[in-house]
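Reviewing the structure listed below.
Below, read A as the first sequence line, B as the second, and so on, with proteins coming before strands; counting in each chain starts at 1.
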Protein chains: 2
Amino acid sequence: MLQVSRPTISDVARAAGVSKGAVSFALNNRPGVAADTRERILAAARELGWTPSSRARALSVSRAFAVGLVLARKPETLRADPFFPSFIAGVEQELAAHDYALLLQVVADQQREHDSYRRLAHGGRVDGVFVTDLLVDDPRIALLAEIGVPAVVVGPALGGGFFPAVGVDDKPGVAAAVQHLIDLGHTRIAHVAGPAAYVHGTSRKQAWAETLAAAGLPEGPCVETDFSAESGAAATRTLLDLAEPPTAVVYANDVMAMAGLAVAHARGVDVPGELSVVGYEDTELAAHVQPPLTSVATDVVAWGGAAARRLLELVDGREATEPDLESPRLVVRASTGAPAR
Amino acid sequence: MLQVSRPTISDVARAAGVSKGAVSFALNNRPGVAADTRERILAAARELGWTPSSRARALSVSRAFAVGLVLARKPETLRADPFFPSFIAGVEQELAAHDYALLLQVVADQQREHDSYRRLAHGGRVDGVFVTDLLVDDPRIALLAEIGVPAVVVGPALGGGFFPAVGVDDKPGVAAAVQHLIDLGHTRIAHVAGPAAYVHGTSRKQAWAETLAAAGLPEGPCVETDFSAESGAAATRTLLDLAEPPTAVVYANDVMAMAGLAVAHARGVDVPGELSVVGYEDTELAAHVQPPLTSVATDVVAWGGAAARRLLELVDGREATEPDLESPRLVVRASTGAPAR
DNA sequence: TTGTAAGCGTTATCAA
DNA sequence: TTGATAACGCTTACAA
């Protein structure tokens with residue numbers, strides 16, 4: 001593993017018979033260096049196998065060329081969530097194009113999350129951060145504003161935020177799901193909701209309630225969960241145990257919907273004959289369970305790309321370009337059907 | 001967002017009436033600075049809200065204080081894989097304790113992956129890297145050796161590697177699964193394997209074959225897949241269509257096993273009555289499908305921690321401490337039972 | 001125990 | 001169009 005000391009810009013300058021400044025200019029192809037000199041410099045660089053040191057560059061221009069993503073999740077709940085891998089893939093695509101890197105931190109609780117943001121931004125390791133899993137009245141906003149680090153909230157713009165928000169609004173997707181069930185003839189439509197502390201947890205619930213109200217239907221039963229399969233199964237049992245159980249359930253994610261499917265199956269409740277089931281996320285498995293799961297699909301990769309683009313714009317002080325993210329769309333499969341009469 | 005310029009070490013030094021060197025020594029609490037002076041310095045730092053610039057530190061000590069993880073996966077296959085979120089959570093725990101950061105890159109293909117490694121290491125953005133999804137005769141090993149960057153292979157030590165390998169061997173888990181089926185009385189045990197190009201794909205297959213051989217049973221049918229639910233479903237159809245279909249199938253991951261469960265269900269094949277099904281990974285959903293899935297569980301978080309520890313040791317030139325990772329264990333649930341006679 | 005000064009490898013300023 | 005030279009903010013010999 002013989003650490004050969006890498007060539008520096010001075011070595012290249014010497015080899016090309018020019019000054020360091022000239023090398024820097026040639027590399028970042030900026031005007032002020034003759035074409036043939038530039039060529040000679042680049043050749044020397046290639047020859048020596050020189051790559052500029054990002055550390056030196058970072059210090060010199062006071063930039064980290066990296067942005068941060070802090071996930072405050074327990075490993076168990078993180079691994080069941082297909083959102084982040086896709087989101088990160090989208091983020092990376094955009095960052096790579098600008099030679100930016102993604103610094104990822106996974107922390108156990110909110111206290112550590114705050115410490116993480118503080119260390120990252122304050123120590124100058126990142127030029128900006130993403131804020132995901134936005135809470136209702138999220139304390140991180142004030143924290144980041146105080147630190148003075150550019151940030152982008154990953155979620156729908158709900159108006160009046162201190163930081164720009166980039167993301168897909170859940171509401172149309174949930175609304176489409178509920179409307180689909182209404183169109184099929186359902187009148188008792190339940191919701192298995194995510195944690196009310198999260199903005200997306202509550203917004204999905206709201207969309208469900210509003211769509212029912214708009215159709216003049218009574219608000220069906222709603223059970224709050226923690227997004228886990230376990231809690232989805234429990235919620236399903238609770239609903240099926242009601243004196244008047246729902247004929248359809250809209251779940252806040254696919255994992256819970258699949259667990260619900262299994263509960264129904266175990267109890268001999270036919271899906272969709274006796275119970276229609278809708279998920280959210282359209283995970284890969286959704287199309288491959290029995291019956292295939294109707295779900296709401298979002299282009300999370302594009303979302304990640306848009307969020308990263310906005311963050312880089314913010315860091316660079318550039319104007320915001322309008323992200324064009326398509327609305328979530330309902331993917332209808334066999335888990336939904338007309339209610340039995 | 002008023003970027004207030006942060007205080008520097010000189011500001012602190014001035015405020016405390018000492019030299020920059022003294023501040024540095026006090027901060028990294030090293031001997032050679034009187035207790036009361038140290039106290040005064042730290043107080044001044046606190047007062048000014050000073051945090052050392054990691055950029056300057058990185059340049060000064062020629063270290064990035066970060067390690068890299070490059071994932072060459074398509075977003076679709078990445079999001080279905082619960083391994084990485086858990087692994088990263090484990091890695092992070094260890095890194096955070098040493099004030100190291102994780103640089104994550106997600107790239108689309110192998111070419112870009114190589115470029116990524118090169119840029120990361122050569123530009124000095126990271127002090128070491130993880131190599132995951134090891135291929136049979138993986139070209140990255142030579143690449144990283146040439147670059148001269150410390151690396152840790154994430155996977156079982158298969159002997160004679162250039163870089164240390166840290167990870168859990170799949171074999172005992174698969175062997176336990178096959179043995180479990182043999183004990184139940186199965187004699188036609190199939191395998192739905194992962195891609196043969198991957199080391200873990202082939203090693204799971206080998207374990208299956210060897211366990212059958214050891215029991216004096218014929219090698220059942222084996223179908224190679226790409227780890228996706230889609231391919232798992234297709235493989236299951238292929239197996240069930242055989243003139244003499246297997247009575248049990250060991251899948252290389254849970255997602256495929258669950259898709260297999262659905263195929264069986266759709267065809268009216270009773271599980272476990274007519275077909276026993278075993279997954280690998282023990283995802284959260286495994287316990288909540290119908291019937292609950294027998295699967296092989298690994299402590300991936302601990303694995304991530306061990307890999308990170310080894311990488312930091314390598315970076316620091318410290319001796320390797322022996323990681324104690326527990327072997328994968330078979331979690332028996334209702335998807336496996338005695339074969340019909 | 002403390003202060004001084006020389007790096008680390010870039011970019012940026014300013015004469016030439 | 002070029003080439004010195006000074007930052008950038010820290011660590012670390014080396015002197016005092």
Side-chain angles (χ1 to χ4, degrees), chain A residues 3-42 44-45 48-66 99 119 121-125 127 316, chain B residues 3-42 44-45 48-66 99 119 121-125 127 316:
Chain A
Q3 276 287 4
V4 187
S5 72
R6 307 204 174 298
T8 76
I9 197 171
S10 307
D11 297 325
V12 177
R14 198 175 317 116
V18 297
S19 72
K20 296 197 299 176
V23 177
S24 178
F25 271 57
L27 179 77
N28 305 311
N29 48 45
R30 301 212 309 215
V33 46
D36 56 334
T37 329
R38 170 190 316 272
E39 202 40 64
R40 190 155 37 92
I41 293 172
L42 294 182
L48 293 173
W50 172 76
T51 313
S53 154
S54 51
R55 298 199 278 254
R57 208 159 81 93
L59 180 61
S60 180
V61 303
S62 302
R63 280 238 198 157
F65 296 104
D99 252 305
R119 268 208 313 280
H122 218 249
R125 293 202 80 134
D127 301 323
D316 289 345
Chain B
Q3 277 286 4
V4 187
S5 74
R6 306 202 176 299
T8 75
I9 196 171
S10 307
D11 297 325
V12 177
R14 198 174 318 116
V18 297
S19 72
K20 294 197 302 174
V23 176
S24 178
F25 271 58
L27 179 77
N28 305 310
N29 49 45
R30 301 211 312 212
V33 45
D36 56 334
T37 325
R38 170 188 317 271
E39 203 40 64
R40 190 155 38 93
I41 292 171
L42 294 182
L48 294 173
W50 174 74
T51 312
S53 153
S54 51
R55 299 198 280 251
R57 208 160 81 94
L59 180 61
S60 178
V61 302
S62 303
R63 279 237 197 158
F65 297 105
D99 252 304
R119 268 208 313 280
H122 219 249
R125 293 202 81 135
D127 301 324
D316 288 345

Handout entry: Within residues 51-66 of chain B or reaching into it, pairs that qualify as side-chain hydrogen bond (donor to acceptor under 3.5 Å, both in side chains) - sequence neighbours excluded
Key = His122(A)-Thr51(B), Arg63(B)-Tyr100(B), Arg63(B)-Asp316(B)
Practice task
Please round to 10 degrees the angle between the axis of the first five pairs and the axis of the last five pairs in the helix from dT1(C)-dA16(D) to dA16(C)-dT1(D).
Solution key: 50°
Practice task
Evaluate the side-chain proximity of Thr37(A) to Phe25(A): yes if any heavy-atom separation is below 4.5 Å, no if none is.
Solution key: no
Practice task
Rounded to the nearest 0.5 Å, what's the gap from CH2 on Trp50(A) to CG on Leu42(A)? Could you check?
Solution key: 9.0 Å
Problem - Close side-chain approach of Pro52(A) to Ile9(A), heavy-atom, < 4.5 Å - result: no
Exercise for the section: Under 4.0 Å between any heavy atoms, over every strand shown, what does Gly17(B) touch: base, sugar-phosphate, or nothing? Just pick one. Expected result: sugar-phosphate
Completion exercise
Contacted region of DNA chain C by chain B, from 5' end to 3' end of the hits, cut-off under 4.0 Å to heavy atoms, spans dT1(C) to dG9(C)
Practice task
Quick one: closest heavy-atom pair of Ala22(B) and Ile41(B), and the distance?
Solution key: O-CD1, 3.8 Å
Problem - Euclidean distance, Phe65(B) CZ relative to Asp99(B) CG, rounded to 0.5 Å - result: 8.5 Å
Practice task
Would you mind building the protein contact string for nucleotides 8-16 of chain D? One character per nucleotide, 5' to 3', B for base within reach (heavy atoms under 4.0 Å), S for sugar-phosphate only, - for untouched.
Solution key: BBBBB----
Completion exercise
Here the salt bridge (charged side-chain N to carboxylate O under 4.0 Å, His left out) pairs for residues 13-26 of chain A, sequence neighbours left out, are Asp11(A)-Arg14(A)
Problem - Residues forming a side chain to side chain contact (heavy atoms under 4.5 Å, CB included) with Asn28(B), sequence neighbours excluded - result: Ser24(B), Arg30(B)
Practice task
Could you identify which residues of residues 31-40 of chain A place a heavy atom less than 4.0 Å from some atom of DNA chain D, listed by residue number, or say none?
Solution key: Gly32(A), Val33(A), Ala34(A), Thr37(A)
Exercise for the section: Just jot down the salt bridge (Lys or Arg N to Asp or Glu O under 4.0 Å) partners of Arg38(B), sequence neighbours excluded, or say none. Expected result: none
Problem - Those residues that, when tested against Asp36(A), pass salt bridge (Lys or Arg N to Asp or Glu O under 4.0 Å) (two or more places apart) - result: none
Fill in the blank from the handout: Here the gap from Thr8(A) atom OG1 to Arg6(A) atom CZ, rounded to the nearest 0.5 Å, amounts to 12.5 Å
Fill in the blank from the handout: What one should report as the nearest heavy-atom pair of Pro7(B) and Gly49(B) is CG-O, 4.1 Å
